[in-house]
Amino acid sequence: MEAVRRVISVVVLNEAQVLARVSGLFAARGYNIESLTVAPMPDTDMSHITIVTKGNKRVIEQITKQLHKLIPTFKVIEHEEMVEKEMVLIKFPIEQSLSDIQVLCEAYNGGIVNVGENMVIGMVTDEPVRVKHFIEAAKRYSPMEIVRGGVVAIER
Amino acid sequence: MKMSGAQMICEAIIAEDVKTIFGYPGGAIMNVYDEIYKQKKFEHILTRHEQAAVHAADGYARASGKVGVAMVTSGPGFTNAVTGIATAYTDSIPLVVISGQVPLSLIGTDGFQEIDAVGISRSCTKHNYLVRSLEELPRVLKEAFYIARSGRPGPVLVDVPKDITGEIGEFVYPSEVNLPSYKPNYKGNNRQIQKAAKAILEAKKPLLYIGGGAVLSGAAQIVRELAEMTQIPAVETLMSRGVMGAKNPLLLGMLGMHGNYASNMAMSETDLVISLGARFDDRVTGKLSEFAKYADVIHVDIDPANIAKLVDVDYPIVGDIKTVIEKLIPLLKNEVKTERYQVWRDILNRYNELHPLLYNDSDEVIKPQWAIERLGELVGEQAIITSDVGQHQMWAAQFYPFDRPNQWINSGGLGTMGFGFPAALGAKKAVPEKTVINITGDGSILMNVQELVTAAEHKIPVINVILNNHFLGMVRQWQTFFYDKRYSETDLSYQPNWKMLAEACGGIGYDVTTKEEFDAAIKDAIVQDKVAFVNVAIARLENVLPMVPSGGALYNMLLEHKEEK
Ligand SMILES: Cc1ncc(C[n+]2csc(CCOP(=O)(O)OP(=O)(O)O)c2C)c(N)n1
């Protein structure tokens with residue numbers, strides 16, 4: 001069976017240990033995590049966890065079932081029709097062409113968000129594939145640091 | 001009512017109607033032990049090791065069908081308990097384990113006897129709690145018992161910091177749990193059940209594949225009814241021995257690595273597997289791609305994650321075995337044509353005649369299989385049998401005539417040596433009117449042998465039948481078959497004096513080398529009110545057969561092995 005990339009959202013009770021339960025499950029059962037983001041959901045006592053994983057059909061099915069089995073799990077969504085975004089921050093040396101960087105970031109729905117004495121920080125929010133392309137392109141400007149935010153997704 | 005956290009723990013145990021708990025005190029749990037001392041509603045048995053306390057609570061749960069409770073202190077008390085918790089977890093046994101923890105203010109400071117109990121136990125509990133305030137303690141206790149026993153049962157750990165057990169607060173034990181994220185599905189989808197019924201009616205070679213879930217669900221009676229009504233043959237896993245009853249003509253036997261020929265062939269040739277609370281363990285399936293190769297699969301399980309985990313399932317039914325069969329029976333009742341499966345039954349009967357489960361008995365030396373058969377004749381239905389792990393366990397599963405569920409108690413999933421004796425203590429406390437016998441080996445019994453003292457002190461007269469081959473026999477068997485007889489670290493020729501060992505601790509011991517002595521020892525041990533060791537010298541190099549070599553297809557069984565002298 002062929003391994004596929006899957007984005008899974010997990011809605012959990014926002015309580016102690018809950019992130020450890022989720023990530024521990026992946027570690028213990030040898031599932032793969034490509035990215036994991038988590039934040040509290042507004043006006044509830046729940047958190048939304050978005051996980052990007054890879055595995056064949058049987059593995060993905062097990063992942064969703066095992067996630068569901070955790071006592072604090074309310075809902076597991078295996079995304080199919082979704083809007084998917086990722087953010088990335090990149091720090092460049094100030095010597096690089098600011099206008100080039102600006103144009104590049106804008107091409108990927110972003111811009112320059114901070115300029116300091118020796119550095120400039122660009123930010124981009126886009127689909128994960130596009131973020132990857134952006135990072136490729138940005139390499140020409142000798143980035144000093146790249147921080148990716150992990151994927152968040154919402155079903156359409 | 002106002003009371004301390006320690007008292008709340010005792011009140012919860014009383015409210016849950018637990019009559020006996022097992023444990024071992026220490027600094028972080030002393031407040032609770034002080035309350036245990038003051039109350040009279042439940043009994044506490046001091047085992048001599050925390051692992052044994054958890055196994056005893058486990059045996060109590062398996063024999064009674066109720067939640068077992070064990071109590072341990074922080075740090076080493078808890079880590080000693082882990083093997084017991086993991087054993088219960090793999091076999092889905094409902095336990096509540098209460099552990100002391102260092103005071104809240106010390107958590108995270110590497111305090112004396114501080115260990116991350118919830119971290120360590122996360123992957124071997126159904127759920128676990130570190131209690132963070134006295135206010136949440138009653139709710140946590142209520143949830144712990146509920147989670148342990150509902151859905152697919154399992155152990156729940158409640159780790160309680162010492163200051164919380166000392167603090168005073170208002171106690172109301174909740175009458176209900178409010179867990180919106182945890183709603184086990186018992187019912188089973190009606191549409192799926194209808195489809196499954198149709199598949200059964202259309203099959204030619206259906207097979208009931210009965211797992212431990214049938215025991216946990218209390219479904220034995222209705223499983224028998226289903227088999228009887230449809231005349232569909234059945235195989236049992238190691239965990240479900242007793243569900244069909246040994247005398248049942250529809251029972252082919254146990255399948256798997258040490259299953260009998262007819263059972264394994266049935267699984268290899270069936271066209272419809274009806275899995276009832278079994279989970280397709282690798283010791284059952286052998287080579288997965290060859291397992292039930294020609295069959296569609298109906299899989300009934302309360303745990304959705306068990307379904308389609310290893311094999312493709314055509315009729316998935318998430319639900320309680322008993323409830324689902326109750327719905328299935330009326331759909332089959334007037335429809336099923338039992339003659340339809342007659343050819344199939346005939347084939348299987350021929351397989352059984354071709355290679356019945358046999359052994360070569362001897363007059364010179366006791367064969368372990370004989371000892372177990374004889375035990376079955378002597379005590380039969382009247383006994384609860386526990387076991388350790390190894391050859392003796394497999395022989396017990398093969399040759400003891402189990403008549404009812406909950407009669408056979410063993411560590412099937414984790415395979416924990418040292419389980420049998422403490423589990424027997426728990427079983428005896430739960431069902432005192434039964435004779436409780438632990439069938440064990442000379443290796444296993446030494447793991448938790450200290451429980452002789454517990455048993456003697458509390459007058460828990462369980463009988464340990466040590467099938468003594470002076471070997472770690474099961475490992476030795478693999479060395480014989482697969483490692484050219486290089487018996488690396490499996491020779492147990494150096495032995496304690498078993499009789500003296502038992503008697504030194506206040507029990508009674510028997511050394512048995514002949515069949516007559518065997519009978520005499522068992523009969524005597526049954527009427528004693530003392531814990532007993534019956535040390536039975538057995539044929540040293542006897543092997544457990546048939547055997548499906550690890551990773552091989554079920555139909556490729558080693559049926560005999562040239563015996564060496
Ligand atoms: C705690 C633990 N350690 C090691 C093993 C591996 N193991 C499985 S069977 C066995 C031998 C058991 O020997 P004994 O209790 O004498 O039983 P026999 O096989 O001789 O009947 C061992 C070492 C285990 N199952 N559990």
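Numbered from 1 within each chain, the chains take letters A, B, ... in sequence-line order. Note that the structure is a prediction, hence the values are computed from the model and not measured.
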Notebook entry, point to check: Closest approach of E61(A) and A308(B), non-hydrogen atoms and distance?
Noted result: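 It is OE2-CB, 3.7 Å.
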
Checklist line | Partner chain B: residue of K69(A), Q66(A), Q17(A) with the largest heavy-atom pair count (under 4.5 Å) | finding: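 Winner by heavy-atom pair count: Q17(A).
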
Note to self: Counting heavy-atom pairs closer than 4.5 Å to chain B, which one of A27(A), A28(A), A20(A) comes out on top?
What the structure shows: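 That would be A20(A).
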
Next item on the list: Determine whether more than 12 heavy atoms belonging to other residues, nucleotides or ligands lie under 6.0 Å from atom CG of L288(B).
Entry: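 Yes.
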
Check: Is it true that atom CZ of R132(B) has more than 12 heavy atoms of other residues, nucleotides or ligands lying nearer than 6.0 Å?
Finding: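 No.
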
Margin query: Please classify the contact of R58(A) with chain B as side chain, backbone, both or neither, using a heavy-atom distance under 4.5 Å.
Written below: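 Side chain only.
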
Check: So, the side chain of K309(B) versus the backbone of V59(A): is there a donor-acceptor pair under 3.5 Å, distance only?
Finding: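 Pair absent, no side-chain N/O of K309(B) close to backbone of V59(A).
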
Next item on the list: Take N128(B) and R21(A) through the side chain to side chain contact (heavy atoms under 4.5 Å, CB included) test and state the conclusion after the steps.
Entry: CA-CA 10 Å; N128(B) 61 15; R21(A) 289 190 205 283; 2.9 Å; yes

Check: How far does CD1 of I71(A) sit from NZ of K126(B), to the nearest 0.5 angstrom?
Finding: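 Between I71(A) CD1 and K126(B) NZ, I get 5.5 Å after rounding to 0.5 Å.
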
Next item on the list: Please round to the nearest 0.5 Å and tell me the distance separating atom NZ of K75(A) and atom OG of S181(B).
Entry: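 One gets 13.5 Å once the value is rounded to the nearest 0.5 Å.
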
Check: Tell me, side chain or backbone of L310(B) under 4.5 Å from chain A's heavy atoms, or both, or neither?
Finding: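 It is the backbone, since no side chain atom gets that close.
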
Margin query: Report which part of V318(B) has an atom under 4.5 Å of a heavy atom belonging to chain A: side chain, backbone, both, or neither.
Written below: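 For V318(B), there is no contact with chain A at all, as no heavy atom is under 4.5 Å.
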
Notebook entry, point to check: Under a 4.5 Å heavy-atom cutoff, which of L130(B), D312(B), L179(B) has the most pairs with chain A?
Noted result: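 Ranked by contacts with chain A, first place is D312(B).
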
Item checked: pair K65(A)-I307(B): side-chain heavy atoms closer than 4.5 Å ->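 They are in contact (side-chain heavy atoms under 4.5 Å apart), so the answer is yes.
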
